[in-house]
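Worth knowing before you read on, the calculation uses all heavy atoms, side chains too, and leaves out hydrogens, waters and symmetry mates. Remember, it's 1-based here, ligands and their atoms both numbered in the order they're listed. Counting from 1, the numbers follow the sequence of the chain as shown.
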Amino acid sequence: MLEGRRAAAVELVMSLPWQHQPSTVQRKRLIDLVDTAWTAGWTSEALRAELVAELNGVRSLYAVWASRLRDLPPPRVGETRSAPALPPRCDDPRHDPYAHHRLLIDPDTDRPGRKCPNCHPDFISAKGGPR
Ligand SMILES: [Zn+2]
């Protein structure tokens with residue numbers, strides 16, 4: 001798996017509402033499954049929506065997520081067209097490694113500030129031309 005793609009998979013997995021910190025093995029397993037889902041055409045947004053849906057009363061989130069990822073239906077075509085998967089976040093060191101957005105840390109305030117010109121969706125879709 002490419003480095004940037006792995007980082008994006010880690011980000012997605014760690015953005016899930018874990019009850020406890022996942023073990024290394026659990027994390028790695030879900031990251032691999034996320035990567036497989038991306039290859040199948042799932043977008044991060046659709047995948048996350050699928051994973052966080054209906055978790056009330058779930059005892060082991062990890063078990064639920066692993067089985068949902070293993071048994072994913074084919075992605076809905078309309079969805080993949082209207083929301084193309086974002087490429088992995090770029091490796092600009094001003095990104096907050098623990099945040100999910102594509103903003104760069106403003107050195108003056110130490111807070112996320114402007115949109116990253118390399119990987120923020122606004123800039124990516126602008127580059128992509130007419131749909
Ligand atoms: Zn970036």
>> Less than 2.8 Å away from the Zn ion (ligand 1), how many protein N/O/S atoms can be counted, ignoring water?
In response: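 N, O or S atoms of the protein closer than 2.8 Å: 4.
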>> Check the orientation of Trp18 and Trp65. Use parallel for under 30°, tilted for 30 to 60°, and perpendicular for over 60°.
In response: perpendicular
Evaluate whether atom [atom1] of [X] has more than 12 neighbouring non-hydrogen atoms of other residues, nucleotides or ligands under 6.0 angstrom away.
X: Asp91; atom1: CG; answer: no
X: Arg27; atom1: CZ; answer: no
X: Asp110; atom1: CG; answer: no

> Can you name the one residue among Thr24, Val25, Asp32, Leu30 that meets side chain to side chain contact (heavy atoms under 4.5 Å, CB included) with Lys28?
Replying inline: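 Going through the options one by one, the only one that passes is Asp32.
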> Is there a donor-acceptor contact under 3.5 Å from the side chain of Arg89 to the main chain of Glu11?
Replying inline: no
